[in-house]
Structures are given as C-alpha cells and as structure tokens.
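Below, chains carry the letters A, B, ... as their sequence lines are ordered, and counting in each starts from 1.
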There are 2 protein chains.
Amino acid sequence: MRLWENYIRNVEPYVPGEQPHGEKIIKLNTNENPYPPAPGVLKALKEMNWEEFRKYPDPSANLLVDALADYYGLGKDQIFVGVGSDDVLGMAFLTFFNSGKPILFPDVTYSFYPVWAGLFGIPYETPVLDEEFGIRIQDYKRENGGIVIANPNAPTGLCLPLEQVEELVRANEDVVVIVDEAYIDFGGESARSLIGRYENLLVVQTFSKSRSMAGMRIGYAMGSPKLITALNHVKYSYNSYTMNQPSIILGTEALKDKEYFKSRVEAIVNTRERAKRRFGELGFSCTDSYTNFLFVTHEHIPAKELFEALRREQIYVRYFGAPRLKDYLRVTIGTEEDMEAMYHFLESY
Amino acid sequence: MRLWENYIRNVEPYVPGEQPHGEKIIKLNTNENPYPPAPGVLKALKEMNWEEFRKYPDPSANLLVDALADYYGLGKDQIFVGVGSDDVLGMAFLTFFNSGKPILFPDVTYSFYPVWAGLFGIPYETPVLDEEFGIRIQDYKRENGGIVIANPNAPTGLCLPLEQVEELVRANEDVVVIVDEAYIDFGGESARSLIGRYENLLVVQTFSKSRSMAGMRIGYAMGSPKLITALNHVKYSYNSYTMNQPSIILGTEALKDKEYFKSRVEAIVNTRERAKRRFGELGFSCTDSYTNFLFVTHEHIPAKELFEALRREQIYVRYFGAPRLKDYLRVTIGTEEDMEAMYHFLESY
C-alpha cells in the first residue's frame, strides 16, 4: 500500500434509496412527488435557448433568487440556492459548525446529518426522541456547537409547532440553528416567519418534494443576510457555478403556478389522510405525519418481512433497519392508484 | 456580535469572470466556446421526458459514466463525474490532501487552487514558474502532500509534454497528483494514457470548454479505481445527487457527435493560430498557447489601460492584476467575427 492511501478522507457515505427502473414498478421509497412538475416547466423546457449552454450560468442564479425572494416576501440577500437541499445543508455544516463543540440533532432524523458531521470532522451528540418519536426541546438547552432539526422530522413525519421551534432558537442564540423543512409544504408552519427576528436561524427547503423537481436538484436556504453572505462566500470558495442553466430557468418557472402547486399538495395530503385510515384498517399504526410519507408499523408482521414481500411485488418502500426503526416502514404517498395497488396486496398478504 | 459569528468558516472566495448581458457584447473573458453544443443536444433537449423531473436522478449518473468510459476506452470504475470540473477538483482536494504536508502548485495557475486549499485548511506552497512562465519539473521533486498542475496551464496557455508529466508523476508516487486538463482538447497530449500505470494519478477534464456546455456544469475525473472509489465515497457523504437529469442526458448526447466536436475544436485552433499572428502584427507578444485563449502583452500599452478601453467598447477580456500578471491580458478565442471586431478596435486604438 502506498502512502497516499493513508491520507484519503475516511468517510461513511450516505446510502440513498434505490432507483429501480421498469414499467410496472410502484415506487414509494424516496419521497418523490407522484405528480409531474407544473405545466409551465414543460413549456419553459421546450423554449429553452440551447445555444446559451455554451456560456457559464449566472453564478449568483439571480433569476431564481429573485423569484424566491418575491414568492416569500424576503430580500434577495436572505436567500441562498444550491444543488438540492443536501448541497445547501452540507455547505451550511461546513460554513457554520466550526466551534469544535458538539452539534446536536435527534437520534432519529435525516440520516445525512451524521454523514456531513463525519465528512467535515464536526463532533456531534444525538439527544434521543421521546417514546412517541417526539423532539424534546429541553434536550437542546445546553452548551453546543449548533443545532439541526428536520421539521417535520424524517422518517417519523412528526412536526413541532412553531412556538416550540422559536423556543429552541431563542435558547440557542450563540449558535446557528438550522431547521430543515424539506416537507413543510405538506403540513406544519414554517420557521421562515422567524428569520427577521433571529439572525442565527437558517431555514432550508427544497424543490424535490412539493414542487416535483427532485430530478433538477434545487434547494434553498432562507436566513439573515449575515448567514446568507457566509454561505455564498463558502460556495464561491468551492464552485462558483453550482446551479446549471436548466435548474435556474425551470426552478423559476415552477414557482409561478401557485394554483397547480396548491392543488397537487392538497391531493397528496388527501391521499395521506386516507392512507392513515386504510393502514389503520389493515392493522398498522402510524405516526401523525405532516409530510408526504407515512411511518408505519404492523401489530404482528415484522417490517423487514413486509418490506421484502412488497419488493417481490415490485412495490418499493423504505426500510432502515436501525435499532429504533426496525419495526417500521417509511411509505411515500403516491397516487391514489399506486396506493390502492399497495393496499390490495397488503390485504391479501 | 454574537458568538456564532466567530465560528463562520473564514475564506477568501474565488471571483469568477463577469457575466455581462446584452446584444452587442463581445465576450472573450471566461474561456467559453463561441460555438453552440452539438446539434444532438438540441434534439435531446426537445425530447426530454419532463415528467421524470419529479424523480431523483440516478445518483451514480450511469448513463454519462458509461458514455465517458466508452468514449475513452476506460472502465466505468475509472470515471467520476461532477458539477463542472470545479466540483470534481474541489472534491479531490477534500478527499486526497489530508496528510498535513503542503501540497504544491505553480505560483501562476488556476486561481481556484489556493481557494480550495484555504477552504479545507490544506497547507500549500507555490513553486515559481520560470521566466517564460514554464513549470520546472525539478521544483516538484521534494516532500509534499500532493500536487496539482493545470496542463495546459492557465492563464499562460503553455503545455508540458507528456514525458514531463510522467516524470513528475513518477517522482511523486507517495502522493496523489492531479492533472487538470480543462483545455487539453485544444492541444497537447492528455495524461489519460498514464492512469493504467500510476494509481495515484487523477486526470480532470470538463465539458465547459471544448464541448460548449459550460451552462450545464459537467466535469469528470479519470483515474485508478482506488481514486475513483474514494471520490465517490466523499461525494456520497456530501450530496448523493449532484448531476441533475438534464446534465446526465445532454452530457451523454454531447459525446456522440465526434465529427461536430472535431470540426469546432479545429475552427477554434485555426482562429487561435491566426490570432497569434494578428496580435504579433499589432505589437503584442503572446505565449505559445495550446488552449482556447491567448495570454498577451503589449510592448508599450499597459494591460490595464487596454482592458478598460476594450471594456468601454463592450469587448470583455480578463485582466488579473496580480504582480506577475499585471502586464498581460487573457483573451478567449471567439468566432472569427468577434476576433476581427477586436483587432479592428485595437488597430484604431
């Protein structure tokens, strides 16, 4: 073995959900939206000026940043965009968590948080969720190097009310608090309304779920100009041009059609509420999800067995297998048709 | 000032070239290709299945990786892809340069190298180029934590012959050696032919220059499976889905039309060789560029003055201003028409 092999960064990579291909697959494993993006996205795609591809994109992605600022009534100096919320979150870890003190996030949450901490050598501690998988605010009232919570949390689907998020932020004004709101459009109240009052609060969202644009990789952060400036400096120290031309153009377009957005989110929420009842009838119990997925457990049948049985039927859901999660499946809310096919199989099983 | 502000990562961001907009602008400042991408890219854009945007892209970008492996006759385990070569290079710094010893790169080269080193806390030393801006191989035969050279180098345009690159790699088998070949398609011989022999050699290329795809953000690295695996582990520890669907699909398409690629590279090389003569006639001298830009200096007129005069005429070139570069302009090779407009102005000036 050569010496250079000793100096390769030692990491434990994140394992994304499978991306199986095929006609008959029912894909309920990666929390994708079952509906296509807004129709305007197709039009913008067809009209895109391909000759411009020869040029670099606008490094500051102004078109998209302006559209997001308008959409949310924020200043453009309060918006940062990146290649999916993973890029935004990873960059936020690198930018803000340099005190050497452990950052805090729940023991059960998005499994990328410990991976970023590992990648950048950030110490961390993971307060345990309560028995109903709830975040206990008091666990985050101690010395720390920063806080990250997913709200709604994954894979539990549970959501903290805004007052509790504010309590957590107020108790931690000496560190940066990141609220990862990948699923907020499906329920719950965004902490966006707090960013004017707390300079240390960063709220991260994504186009991958509620806007049906996972394939385009668009995420964004909202926060004080100080936080956004710091993120931009790190971005410009890594890759000046992260968002490609299609992301900027099609992302901007996706924001325009508020009616379509509202109707698709409503459809998913309705399907989710029906799914809670149907799973209940089938002997499952599930957490009170505010997201586009359910976190379900069956009174008799082991989750792993069900996961494998579903997989044999080409129905893909997510199974984590970690100690606290081994009795649960995470099931993305698909179309009514996909969900019916799954209930049908579960009934017969 | 709150405590968290002390723990923001301290960086000196890279400043990309301007992206001015307007009808009459002649843009010779960011080494973009003056020709559009291959016509097949337009067709693939029009045929793209926009409904798929709701799904995550293939995290391993297999379509593009396979196409690159085929194109170069390499194994797919020898190819890594990312969001432009900046993403690939930045990730390579993070992955391989962890020994604590200073890495080496020339004092005059791509100005992102010291920025990445700064971002990730990697010590570095910068051996000075010789008086003709050449890299002296012997400067790289001492203990170090890794080596990065741009070949051809920027902004000088000069190229090391393959034997010298091999000499440099052979003398440094205990560290990872990165050869950044952003401009190699315009001249010079790629070190790709050496990767089978040297497990520590990483060759990085891009679609931004010779393939007219700067706006799509596609870069790639070629190297031993050990290096590629390590890069993938770090990638999966940062962002599983870096390449969006349009990048994967359109990048793959761009590789297919070898005739178009050859003809556009030839056109640029012809324009470059004519430009060397024309600049000579106008009292400039320039380095023997193997790239799609010239590095020029005038015997009487200060570079900064010329830069500003050209800018007033809406002709954008790049001026760096660093001590060794202050007498030079970097001029991207545009279309014959753009170049004539510039010569015309310079004649009258």
Side-chain angles (χ1 to χ4, degrees), chain A residues 2-4 7-9 11 13-14 16 19 30 32-33 35-37 41-42 45-46 48 50-59 83-84 86-87 90 94-96 98-99 115 118-119 173-176 200 212-217 230 233-234 236-242 244-247, chain B residues 2-4 7-9 11 13-14 16 19 30 32-33 35-37 41-42 45-46 48 50-59 83-84 86-87 90 94-96 98-99 115 118-119 173-176 200 212-217 230 233-234 236-242 244-247:
Chain A
R2 284 280 183 173
L3 199 56
W4 59 266
Y7 299 123
I8 290 177
R9 188 162 289 252
V11 290
Y14 175 80
Q19 288 292 8
T30 52
E32 291 153 335
N33 196 308
Y35 303 107
V41 170
L42 172 61
L45 178 72
K46 297 287 180 194
M48 201 177 293
W50 77 296
E51 295 200 1
E52 284 289 304
F53 292 167
R54 71 176 186 82
K55 290 192 201 157
Y56 283 97
D58 171 13
V83 180
D86 287 346
D87 181 36
L94 179 61
T95 306
F96 301 119
N98 301 299
S99 69
V115 175
L119 176 64
E173 293 201 69
D174 273 343
V175 299
V176 173
N200 62 322
S212 304
M213 302 275 270
M216 292 304 302
R217 317 303 303 121
H233 282 178
V234 168
Y236 282 114
S237 300
Y238 182 73
N239 187 358
S240 314
Y241 308 97
T242 52
N244 69 10
Q245 288 177 14
S247 298
Chain B
R2 283 281 183 175
L3 199 57
W4 60 266
Y7 299 122
I8 289 177
R9 188 162 288 254
V11 290
Y14 175 80
Q19 287 292 5
T30 51
E32 289 154 338
N33 196 310
Y35 303 108
V41 170
L42 172 61
L45 178 71
K46 297 287 181 195
M48 201 177 292
W50 77 297
E51 296 199 3
E52 284 289 303
F53 292 167
R54 72 177 185 81
K55 290 192 202 158
Y56 283 97
D58 171 13
V83 180
D86 287 346
D87 181 36
L94 179 61
T95 306
F96 300 119
N98 301 299
S99 70
V115 174
L119 175 64
E173 293 200 69
D174 273 343
V175 298
V176 173
N200 61 322
S212 304
M213 300 275 270
M216 291 306 302
R217 318 305 303 122
H233 282 178
V234 168
Y236 282 114
S237 301
Y238 181 74
N239 187 357
S240 315
Y241 308 97
T242 53
N244 68 11
Q245 288 177 13
S247 298

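- Residue contact with chain B, scored on non-hydrogen atoms closer than 4.5 Å, involves the backbone and the side chain of A:Pro37 alike.
- The heavy-atom pair separating B:His233 from A:Pro13 by the smallest distance is O-CB, 3.6 Å.
- Considering all non-hydrogen atoms of both residues, A:Pro57 and B:Ala214 come closest at CD-O, 3.5 Å.
- Of the two parts of A:Glu173, the backbone and the side chain both hold a non-hydrogen atom closer than 4.5 Å to a non-hydrogen atom of chain B.
- Counting heavy atoms from C-beta on, the side chains of B:Leu119 and A:Leu94 come closer than 4.5 Å.
- A:Tyr14 and B:Asn239 share no side-chain donor-acceptor pair at under 3.5 Å.
- Looking only at side-chain heavy atoms (C-beta outward), A:Ile8 and B:Thr95 come within less than 4.5 Å of each other.
- In this view, A:Ser240 satisfies the side-chain hydrogen bond (donor to acceptor under 3.5 Å, both in side chains) rule with no residue, not counting sequence neighbours.
- Counting heavy atoms from C-beta outward, B:Met48 and A:Leu45 have side chains that approach closer than 4.5 Å.
- In this structure, the side chain of A:Arg54 does not engage the main chain of B:Tyr35 through any donor-acceptor pair within 3.5 Å.
- A donor-acceptor pair is defined here as one N or O able to donate and one able to accept, closer than 3.5 Å; such a pair exists between the side chain of A:Asn98 and the backbone of B:Tyr7.
- Taking each heavy atom of A:Gln19 and B:Tyr56 in turn, the nearest pair found is NE2-CB, 2.9 Å.
- With a 4.5 Å cut-off on side-chain heavy atoms, A:Tyr238 and B:Asp87 count as touching.
- The shortest heavy-atom contact between B:Gly215 and A:Asn244 is O-CB, 3.2 Å.
- Most heavy-atom pairs under 4.5 Å with chain B, from the set A:Asp58, A:Val176, A:Asn200: that is A:Asn200.
- Listed options B:Val234, B:Val11, B:Asp174, B:Val115 were ranked by heavy-atom pairs under 4.5 angstrom with chain A; first place goes to B:Asp174.
- Atom CE of A:Met216 and atom OG of B:Ser247 lie 7.5 Å apart (nearest 0.5 Å).
- The side-chain contact (heavy atoms from CB on, under 4.5 Å) check on B:Leu42 picks up A:Trp50, B:Lys46, with sequence neighbours excluded.
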